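Okay, structure first, notes after.
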Amino acid sequence: MLGKILYPTDFSDVAVKAFQFVKQLRECGVEEVVILHVIDKRSIDALAIYTDRDFLRIEQEWESEVMKQIMPMEEELKGLGFKVKVRIERDVPFTDILKVEEEENVSVIVIGSHGKSNVKEMLLGSVSEKVVRKARKPVLVVKR
Ligand code: ATP
Ligand code: MN
């Protein structure tokens, strides 16, 4: 029933906590994990404008940073017997998460309640809130 999981990460503490949870799901019959990071196009646009640097260069550097962080996670999951797919998308986090949900036909999304901002007063971050609202599949929210 839980065959394939979508795990979107921004590499924040709460997303890392969600990853610890994902690792335990092998025992629950999960076979495949799709690790997804969305490079927020709006942040790159802003960086390119403020630093007067080339958009493509910034995107490439960003992407290699992302891969450095994802690779050990991929290895760890493989070591536990999961099949792993890594996806990096480059637009708006919540729309890309929903797009990949459809494209990969996952059974469940495992997401952190909060991310990099982690504002104390917020019940959910804006990405996790939109995913909970709009996803078609069940969403498992790992709390901070
Ligand atoms: P906000 O972004 O609204 O200021 P926040 O950073 O505290 O708040 P979210 O961004 O909603 O919270 O993060 C919640 C979860 O959503 C994260 O733990 C992660 O699982 C996922 N997430 C957030 N941003 C991304 C991203 N760029 N790519 C993939 N997953 C993401
Ligand atoms: Mn965020």
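Every number for a ligand or one of its atoms is a count from 1 in the order of the listing. As the structure is a prediction and not an experimental result, all values here were calculated from the model. We number each residue from 1, following the sequence as shown. Side chains included, hydrogens not; waters and symmetry mates left out as well; all remaining heavy atoms used.
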*ligand 1 N/O within reach of Lys116 N/O, cut-off under 3.5 Å*: yes

_Test side-chain contact (heavy atoms from CB on, under 4.5 Å) applied to Glu104 - qualifying residues, sequence neighbours left out_ = Lys4, Val34, Lys85, Arg87, Val100, Val106

_Closest to atom 12 (O) of ligand 1 (judged by heavy-atom distance), picking from Pro93, Gly112, Gly115_ = Gly115

*Gln20 atom CD, neighbour heavy-atom count above 12 within 6.0 Å*: yes

_Closest protein heavy atom to atom 3 (O) of ligand 1, given as residue, atom name and distance to 0.1 Å_ = Ser126 OG, 2.5 Å

*Tell me, which protein residue and heavy-atom name are nearest atom 19 (C) of ligand 1, and how many Å apart are they?*
Pro8 O, 3.5 Å

*Atoms of ligand 1 close to Leu36 [distance to a heavy atom under 4.0 angstrom, numbered from 1]*: 29 (C)

*Any ring pair (Phe, Tyr, Trp, His ring centres under 6.0 Å) pairs touching residues 21-61, not counting sequence neighbours?*
Phe11-His37

_Checking a contact table here: which protein heavy atom is nearest atom 21 (C) of ligand 1, and how many Å away?_
Ile111 CG1, 3.8 Å

*Is ligand 1 under 4.0 Å from a heavy atom in the side chain of Ile39, in the backbone, in both, or in neither?*
neither

*asked:* Among all protein heavy atoms in this structure, tell me which lies nearest to atom 17 (C) of ligand 1, with the distance rounded to 0.1 Å.
replied: His114 O, 3.5 Å

*Below 4.0 angstrom from a heavy atom of Ala15, which ligand 1 atoms are there? Numbered from 1 as shown, please.*
18 (O)

*Who gets closest to atom 22 (N) of ligand 1 by heavy atom: Val127, Val38, Val132?*
Val127

*asked:* What I'd like to find out is whether the side chain of Arg90 reaches to under 4.5 Å of the side chain of Val38, using heavy atoms alone.
replied: no

_Distance under 4.0 Å to a non-hydrogen atom of Asn118: what atoms of ligand 1 satisfy this?_
5 (P), 7 (O)

*Decide, yes or no, whether a salt bridge links Lys23 with Glu76 under the criterion of side-chain N to carboxylate O below 4.0 Å.*
yes

_Atom indices of ligand 1 within 4.0 angstrom of Ser128 heavy atoms, with elements_ = 11 (O), 14 (C)

*asked:* I'd like to know if the side chain of Arg26 reaches the main chain of Gly81, judged simply by a donor and an acceptor atom lying under 3.5 Å from each other, with no hydrogens or angles considered.
replied: yes

*State plainly whether the residues Lys41 and Asp45 are in salt-bridge range, i.e. N to O under 4.0 Å.*
yes

*Charged N to carboxylate O below 4.0 Å: is that the case for Lys134 and Glu129?*
no

*Measure the distance from atom 4 (O) of ligand 1 to every protein heavy atom, then report the residue, atom name and distance (to 0.1 Å) of the closest one.*
Ser117 OG, 2.6 Å

*Relative to ligand 1, is Asp40 under 4.0 angstrom through side chain, backbone, both or neither, heavy atoms considered?*
neither

*Among protein heavy atoms, which sits nearest to atom 29 (C) of ligand 1, and what does the distance come to when rounded to 0.1 Å?*
Thr9 O, 3.2 Å

_Lys99 bridged to Asp96 by N-O distance under 4.0 Å_ = yes

_Using a plain distance cutoff, I'd like to know if Val119 has any nitrogen or oxygen under 3.5 Å from a nitrogen or oxygen of ligand 1._
no

*So does Glu102 pair up with Arg136, basic N to acidic O under 4.0 Å?*
yes

*Of all heavy-atom pairs between Val139 and Val131, which one has the smallest distance, and what is that distance?*
CG2-O, 4.1 Å

_Please list the nearest protein heavy atom to atom 25 (C) of ligand 1 with its residue and the distance rounded to 0.1 Å._
Asp10 CB, 3.6 Å

